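Here is the structure we will look at, set down as structure tokens.
Remember, it's a predicted structure, so these values are computed and weren't measured experimentally.
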2 protein chains.
Amino acid sequence: MTIAHDSRTDAAPPALAEVMQRLGQRLSVAKDEGIFTQDDEADRVHLVVSGAVRTTRLLGDGRRQVAGFYYPGDLIGPETGALHRFSAEAVCDAAVLMVRRAALKAYAGEAGFERAFWEAARRELERTHDHLLVLGRKTACEKVASFLKSLALRQGADSASMPMSRQDVADYLGLTIETVSRMLTQLQGQSVVAFDGTRRFKVTRWDALEQMAA
Amino acid sequence: MTIAHDSRTDAAPPALAEVMQRLGQRLSVAKDEGIFTQDDEADRVHLVVSGAVRTTRLLGDGRRQVAGFYYPGDLIGPETGALHRFSAEAVCDAAVLMVRRAALKAYAGEAGFERAFWEAARRELERTHDHLLVLGRKTACEKVASFLKSLALRQGADSASMPMSRQDVADYLGLTIETVSRMLTQLQGQSVVAFDGTRRFKVTRWDALEQMAA
DNA sequence: CGCTGGATTGAGTCCGGTCAAGCCTTGTGG
DNA sequence: CCACAAGGCTTGACCGGACTCAATCCAGCG
């Protein structure tokens, strides 16, 4: 497995990815299966190998907020506290590399290693700040357009796959599945994107998508 | 100046605060004056000494999202990238300590120092994740209640001051000033809080406040 | 005392949520 | 290979919470 470092993604930088491959234990997770749970002891670090993973937080009455989606090469929500602040589950069948934090510590001095972890955390924070702006100040249409745009950018192509369910997207954007569905229909009607099945789409008018994402 | 380390706040841990006091340049900022601007080079770190500071991001058409508020002892949005991802302005007359990042580097090896910076970044990320949940999944009333609760908790007393304007609160919570105002009136009507003037309030029923914050 | 700008209140609208069908895909068993 | 069931997605009708626009209030200040 080779993991390219691409500034558009949260890909773990080479130094970190390499160490994780050396020390990590591979773990297969079925769709919707948990990887860790909120308030669990956070003594392990996880790197996505294949599939996709979501991190979530729950409100007492069941309302759910998806904090982020993670793809091959991404560190799952790099945390440094004692306990996990959210849960992580597989969005579709996935595989992750898991390594004890204590084991990673041994490499703390290695060139580029410390920095690599910092980098991952920094990107996580930046992404979360972008997410804040989307949740707080964008309309339903802008939210969905932003989401499609980021999916396509991350995959670096006009055609992109969307491995998560409508419910996952809704909980990520602070909307309902019905609204997400309507906005997708609307964007298709305006020929901004074209869906091929329910989990794959192509950007047909980048300029319009950019504009609608605000 | 003594800065106590309190786990309820984003207060910079002693090691970091001490170094900043030794090396830092003191800067006075008037209400609404900028401290740094989005896309500026991020070559300095700022510690709030007095007053309060907000960090903001703007959308092209002027919509604004307040990312966070910072109080005495807090590091302002610890960033590690080359450029600032947001702007920082004084919410009211304030003073900050400013130190060049390069100067801080010299202390990278000092006991507890590295860890102190990590801690600050970690708390920033945790707080931002809480903020995500509020923006994405809470109602207007719950948002305002959560905000008042966090203000009171941070100040560790039933009576708390609210240095920022209604507009700042609205942009932090993803609401309009009118809605914020209505919710404040409503919470007062239910005797959950009592305002003394427009910038100071007292929590009269903690149980109710907790419940309304969801 | 009036001026000024922030805060509150009110009336009406609209965006996104709710509830309820209906559709389409996928998988399973006959 | 088809029939059928199950679950996810879409669509429609309606509703209501938050927004908009506008008037008024109020505190701070010259």
Does a nitrogen or oxygen in the side chain of B:Ser165 sit under 4.0 Å from OP1 or OP2 of C:dG6? no
Residues B:Arg123, B:Glu126: salt bridge by 4.0 Å N-O rule: no
Reckon B:Ser181 has a side-chain N or O less than 4.0 Å from the OP1 or OP2 of C:dT8? yes
Rounded to the nearest Å, what distance is computed from the CG atom of residue A:Leu173 to the P atom of nucleotide C:dG16? 12 Å
Separation of atom CE in B:Met164 from atom P in C:dG6, rounded to whole Å: 16 Å
Which nucleotide sits closest to the side chain of A:Thr179: C:dA7, C:dT9, C:dG16? C:dG16
Could you work out which one of D:dC9, C:dA7, D:dG12 sits closest to the side chain of A:Glu178? D:dG12
For the pair made of CZ in A:Arg200 and C1' in C:dT25, what is the distance, rounded to whole Å? 17 Å
Side chain of A:Arg182: nearest nucleotide among D:dT20, C:dG17, D:dG8? C:dG17
In whole Å, what is the span from the CZ atom of B:Phe195 to the P atom of C:dT9? 12 Å
Rounded off to whole Å, could you give me the CZ-to-C1' distance for the A:Arg137 and C:dC15 pair? 15 Å
Need one value for A:Leu175: base, sugar-phosphate or nothing, where a base atom within 4.0 Å counts as base even if backbone is also close, heavy atoms only. sugar-phosphate
Before we go on, tell me: are the rings of A:Phe36 and A:His46 under 6.0 Å apart, centre to centre? yes
Where is the tightest heavy-atom contact between A:His131 and A:Tyr172, given as atom of each residue plus distance? NE2-O, 2.8 Å
In whole angstroms, the gap separating P of D:dT11 from CZ of A:Arg166 amounts to 11 Å
Rounded to whole Å, how long is the line connecting atom CE of B:Met183 with atom C1' of C:dA7? 15 Å
Taking the six-membered ring of B:Tyr70, is the NZ or CZ of B:Arg127 close enough (under 6.0 Å from the centre) and on axis enough (within 45°)? yes
Regarding the side chain of B:Thr185, the nearest nucleotide among C:dT8, D:dT20, D:dC9 is C:dT8
Is the closest basic N to carboxylate O distance between A:Arg54 and A:Asp32 below 4.0 Å? yes
Of all the nucleotides listed (D:dC19, C:dG16, D:dA18), which has the minimum atom distance to the side chain of A:Thr139? C:dG16
Take atom NZ of A:Lys31 and atom P of C:dG27, then tell me their distance rounded to the nearest Å. 11 Å
